[in-house]
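See structure below.
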Amino acid sequence: MDTVISSSASLTLSLPPVPVRTVASISASTSSSLLLPLAHWSSRLTSQRRRTHRFRKSSSPVPQFTVSCGVGIVEINESQFEDTVLKANRPVLVEFVATWCGPCRLISPAMESLAQEYEDRLTVVKIDHDANPRLIEEYKVYGLPTLILFKDGQEVPESRREGAITKVKLKEYMDALLQSMSVS
């Protein structure tokens, strides 16, 4: 049983003794009944190694994700940014994402739906965070996913949004931004 005694001067901790086992080497005179469990565990370990080795050949132990785009969303890089976003003749919603970002994958279906629904009024592009460090630094993207709306080569004031968002909130966000742009 563990006991802890505390006083202002010292702390005493009393624990039960830890059993220590010594293992002697196994000689040829050891009986086969003693070796049976060792042989059993040895074969199980070898079998487990074979299964693990087979698994490693068939797929990577760490899942690899890619930035994929659905219908209506175009993935661009730093060299395409000026022509696609800054020189566009209509608003462009830029989504900064990364392959390792869980919230980015979470909002992907909502972004695809938004791109299809607003395809006549808006262009939606996706930029991979890791592959485009200059854009990340220039636009000060600190959280992922980050959404920024551009119009006439400029970031629309109050348009920046970081983090996951539901499909309903994303639609409300876009409707409010597009309405404010048409008023001004």
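Quick caveat, the model's predicted, so the values are computed rather than measured. Values below: every heavy atom of this structure, side chains too, minus hydrogens, waters and symmetry copies.
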Discussion item. Before you tell me yes or no, could you show the steps for R121 and L178 under side chain to side chain contact (heavy atoms under 4.5 Å, CB included), namely the whole-Å CA-CA distance, both residues' side-chain angles and the distance that decides it to 0.1 Å?
Written reply: CA-CA 9 Å; R121 300 181 281 165; L178 291 173; 4.1 Å; yes
Worksheet entry | Nearest heavy atoms of V92 and A88, plus distance in Å |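 Nearest pair, atom of V92 first, then A88: CG2-CB, 3.5 Å.
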Fill in: Shortest non-hydrogen contact from L170 toward A110
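For L170 versus A110, the nearest heavy atoms are CD2-O, 3.7 Å.
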The criterion is side chain to side chain contact (heavy atoms under 4.5 Å, CB included); which residues satisfy it with [X], sequence neighbours excluded?
{"X": "A164", "answer": "P103, L106, I107"}
{"X": "S159", "answer": "I148, L149, E155, V156, Y173, L177"}
{"X": "D152", "answer": "none"}

Is any side-chain heavy atom of [Y] closer than 4.5 Å to one of [X]?
{"X": "I76", "Y": "I127", "result": "yes"}
{"X": "H129", "Y": "L144", "result": "yes"}
{"X": "M111", "Y": "I73", "result": "yes"}
{"X": "S180", "Y": "E158", "result": "no"}
{"X": "D128", "Y": "E75", "result": "yes"}

Practice prompt. Give every residue pair that meets the salt bridge (charged side-chain N to carboxylate O under 4.0 Å, His left out) criterion with at least one member in residues 136-146, sequence neighbours excluded.
Written response: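 Non-adjacent pairs meeting salt bridge (charged side-chain N to carboxylate O under 4.0 Å, His left out): R134-E138.
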Discussion item. Distance check, rounded to the nearest 0.5 Å: E112 atom CD versus E117 atom CD?
Written reply: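 Between atom CD of E112 and atom CD of E117 there are 14.0 Å.
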Practice prompt. Give, for atom CZ of R160 and atom CG of L147, the distance between the pair rounded to the nearest 0.5 Å.
Written response: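 Interatomic distance, R160 CZ to L147 CG, rounded to 0.5 Å: 10.5 Å.
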With [X], which residues qualify under salt bridge (charged side-chain N to carboxylate O under 4.0 Å, His left out), at least two apart?
{"X": "K167", "result": "none"}
{"X": "D175", "result": "K171"}
{"X": "D120", "result": "none"}
{"X": "E162", "result": "none"}

Worksheet item: Considering the options L93, L135, V94, which one meets the side-chain contact (heavy atoms from CB on, under 4.5 Å) requirement together with V85?
Response: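 Exactly one candidate clears the test, V94.
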Worksheet entry | Exam field: side chain N132 to backbone E78, donor-acceptor pair closer than 3.5 Å |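 Looks like yes, one N/O pair under 3.5 Å.
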Discussion item. Does anything in residues 80-95 form a side chain to side chain donor-acceptor pair (under 3.5 Å)? List the pairs, not counting sequence neighbours.
Written reply: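 Every pair satisfying side chain to side chain donor-acceptor pair (under 3.5 Å) with a residue in residues 80-95: R90-T123.
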Worksheet item: Can you name the ring-ring contact (aromatic ring centres under 6.0 Å, His included) partners of F150, sequence neighbours left out?
Response: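 F150: ring-ring contact (aromatic ring centres under 6.0 Å, His included) contacts with F81, Y139.
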